[in-house]
Amino acid sequence: DLAISYEPELLLARAKGAKLVSIGALVQKPLTSLISLGPKAVKEPGELEDKKVGTAGIPYQDAYLKTILARAKLTPSDVDTVNVGYGLLPALVGGQAQAMLGGFSNVEGVDLRLRGKGHVVTPVDKLGVPTYDELVLVARRDRLEEDPQAIRLFLGALARGTAAAVKSPAAATEAVLTANKDLDPKLTRAEVDATLPLLSKSGRLDEAAWRTFIAWMNENELIAARPAPAEVLSNEYLAGEIPD
């Protein structure tokens with residue numbers, strides 16, 4: 001009935017004909033970051049020149065890198081891009097890459113902090129990529145039309161659950177650990193602590209920000225058209241702002 005996805009993934013799916021709509025944001029800003037280690041950690045786009053940059057091989061993240069490099073009047077040919085798939089962190093820690101693009105500030109960034117690694121984490125919207133909603137809730141248009149009240153009830157429950165997690169991070173951590181026994185308790189608590197402040201209180205989707213990001217996707221030839229925000233998102237199912 002519902003899925004958690006990413007704003008760019010939703011736009012790509014829409015471009016392929018999927019009748020999907022975002023009905024709320026879980027995290028209203030980019031988590032995807034440029035991350036590097038050590039005394040020569042990258043702080044500015046120009047410092048990427050001649051560096052090995054590990055990526056997950058995701059096309060829109062390759063476009064992120066292109067945009068980031070353009071700020072320093074560089075092109076992708078000025079860096080050595082290495083597709084490491086999901087092995088971003090091992091590639092960075094193991095020295096196969098001098099920077100990585102695709103890790104999350106609240107996941108890989110937290111992991112590196114706990115390891116005591118000197119590192120720099122810069123979200124992509126601080127490097128020239130337009131801001132976007134990293135995590136969104138997605139529904140099929142026909143599902144919304146056939147039973148909108150069920151969606152509203154779910155979003156209301158999600159808002160209450162988010163408020164409870166914010167009030168009790170320890171209980172939230174325990175719930176996550178109960179759901180997955182393989183997780184490391186210390187790392188999970190640190191990730192929960194880093195994530196809770198990022199969760200949206202209202203879930204509201206900003207049409208102006210989406211319009212700007214849609215234009216960026218189009219300019220980078222990721223999507224062929226520029227749909228109006230009203231075609232790809234809806235705020236009408238939201239439960240309202242989470243109380244403090």
Side-chain angles (χ1 to χ4, degrees), residues 2-15 18 20-35 54-68 85-86 88-89 92 99-113 119-139 155 158-159 161-162 165-166 172 176 187-188 190-218 220 222-223 227 229 232-235 237-238 241-242:
L2 296 171
I4 296 173
S5 190
Y6 311 89
E7 181 176 334
E9 291 286 359
L10 170 62
L11 294 172
L12 290 170
R14 290 275 314 194
L20 301 175
V21 182
S22 177
I23 58 167
L26 294 175
V27 175
Q28 292 171 303
K29 62 182 180 179
L31 301 173
T32 301
S33 301
L34 181 69
I35 302 175
T55 74
I58 300 171
Y60 66 81
Q61 291 187 358
D62 291 342
Y64 290 172
L65 181 59
K66 179 181 175 183
T67 295
I68 291 167
Y86 292 107
L88 286 167
L89 197 58
L92 184 64
M100 72 177 189
L101 179 66
F104 277 8
S105 57
N106 63 324
V107 180
E108 287 84 357
V110 169
D111 191 326
L112 290 171
R113 175 169 57 80
H119 63 290
V120 174
V121 178
T122 310
V124 294
D125 62 327
K126 305 299 183 186
L127 294 167
V129 177
T131 192
Y132 62 92
D133 295 322
E134 187 72 65
L135 296 177
V136 294
L137 282 165
V138 176
L155 290 174
L158 177 63
T162 301
V166 169
V176 174
L187 176 59
T188 300
E191 290 176 342
V192 168
D193 287 345
T195 301
L196 289 177
L198 301 170
L199 295 178
S200 170
K201 278 196 166 190
S202 69
R204 191 163 188 82
L205 301 157
D206 184 328
E207 288 197 10
W210 275 67
R211 186 176 292 106
T212 300
F213 191 75
I214 287 169
W216 178 87
M217 292 272 288
N218 174 250
N220 282 273
L222 296 166
I223 55 177
V232 299
L233 65 85
S234 174
N235 288 310
Y237 305 93
L238 295 172
E241 186 156 324
I242 299 170

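Contact of the Ile68 side chain with the Leu101 side chain is registered, since non-hydrogen atoms from C-beta on lie closer than 4.5 Å. Val136 has its side chain out of reach of Tyr6: every pair of non-hydrogen atoms, C-beta onward, lies at least 4.5 Å apart. Considering only heavy atoms from C-beta on, Glu191 comes within 4.5 Å of Val110 through its side chain. At a threshold of 4.5 Å between non-hydrogen side-chain atoms, the residues Thr195 and Leu199 count as touching. Val232 has its side chain out of reach of Glu7: every pair of non-hydrogen atoms, C-beta onward, lies at least 4.5 Å apart. Leu158 has its side chain within reach of Leu26: a pair of non-hydrogen atoms, C-beta onward, lies under 4.5 Å apart.
To the nearest 0.5 Å, the span separating CG on Asn220 from OH on Tyr64 amounts to 10.0 Å. Here the straight-line distance linking atom CG of Leu31 with atom CG of Asn106 works out to 5.0 Å at 0.5 Å rounding. Atoms CG and CE, on Leu112 and Met100 in that order, are 6.0 Å from each other to the nearest 0.5 Å. With rounding to the nearest 0.5 angstrom, the CG atom of Leu20 is 8.5 Å from the OG atom of Ser5. Summarising the geometry, atom CG belonging to Leu205 is positioned 5.0 Å from atom CG belonging to Asn235; distances are rounded to the nearest 0.5 Å. Atom NZ of Lys126 is separated from atom NZ of Lys29 by 7.0 Å, given to the nearest 0.5 angstrom.
When all heavy atoms of Arg204 and Ala25 are compared, the closest pair comes out as O-CB, 4.3 Å. When all heavy atoms are compared, the tightest approach of Ile35 to Phe104 is CD1-O, 4.4 Å. When all heavy atoms of Leu88 and Gly103 are compared, the closest pair comes out as CD1-N, 3.8 Å. For the residue pair Gln61 and Gly102, the shortest heavy atom distance occurs at OE1-CA, 3.5 Å. The two residues Pro30 and Val124 make their nearest non-hydrogen contact at CB-CG2, 3.9 Å. Annotation for His119 and Gly109: closest pair NE2-O, 3.3 Å, computed over non-hydrogen atoms.
In the displayed structure, Tyr60 atom OH is contacted under 6.0 Å by more than 12 heavy atoms of other residues, nucleotides or ligands.
Classification of the Phe213-Tyr132 ring pair by plane angle, with boundaries at 30° and 60°, yields tilted.
Each of Leu89, Leu92, Val121 was checked for a side chain to side chain contact (heavy atoms under 4.5 Å, CB included) with Glu108, and the lone residue meeting it is Leu89. With respect to Leu10, the side chain to side chain contact (heavy atoms under 4.5 Å, CB included) criterion is satisfied by exactly one of Val138, Val21, Leu137, Asp133: Val138. Considering Leu233, Leu238, Leu2 as possible partners of Ile23, the one that fulfils the side chain to side chain contact (heavy atoms under 4.5 Å, CB included) test is Leu2.
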Side chain to side chain contact (heavy atoms under 4.5 Å, CB included) between Asp111 and Val107, intermediate numbers included: CA-CA 6 Å; Asp111 191 326; Val107 180; over 6 Å; no
Leu12 and Ile223: CA distance, side-chain angles, deciding distance, side chain to side chain contact (heavy atoms under 4.5 Å, CB included) verdict: CA-CA 7 Å; Leu12 290 170; Ile223 55 177; 4.2 Å; yes
Step-by-step side chain to side chain donor-acceptor pair (under 3.5 Å) determination, Trp210 to Ser22: CA-CA 11 Å; Trp210 275 67; Ser22 177; 5.9 Å; no
Derivation and outcome, side chain to side chain contact (heavy atoms under 4.5 Å, CB included), residues Leu198 and Leu135: CA-CA 10 Å; Leu198 301 170; Leu135 296 177; over 6 Å; no
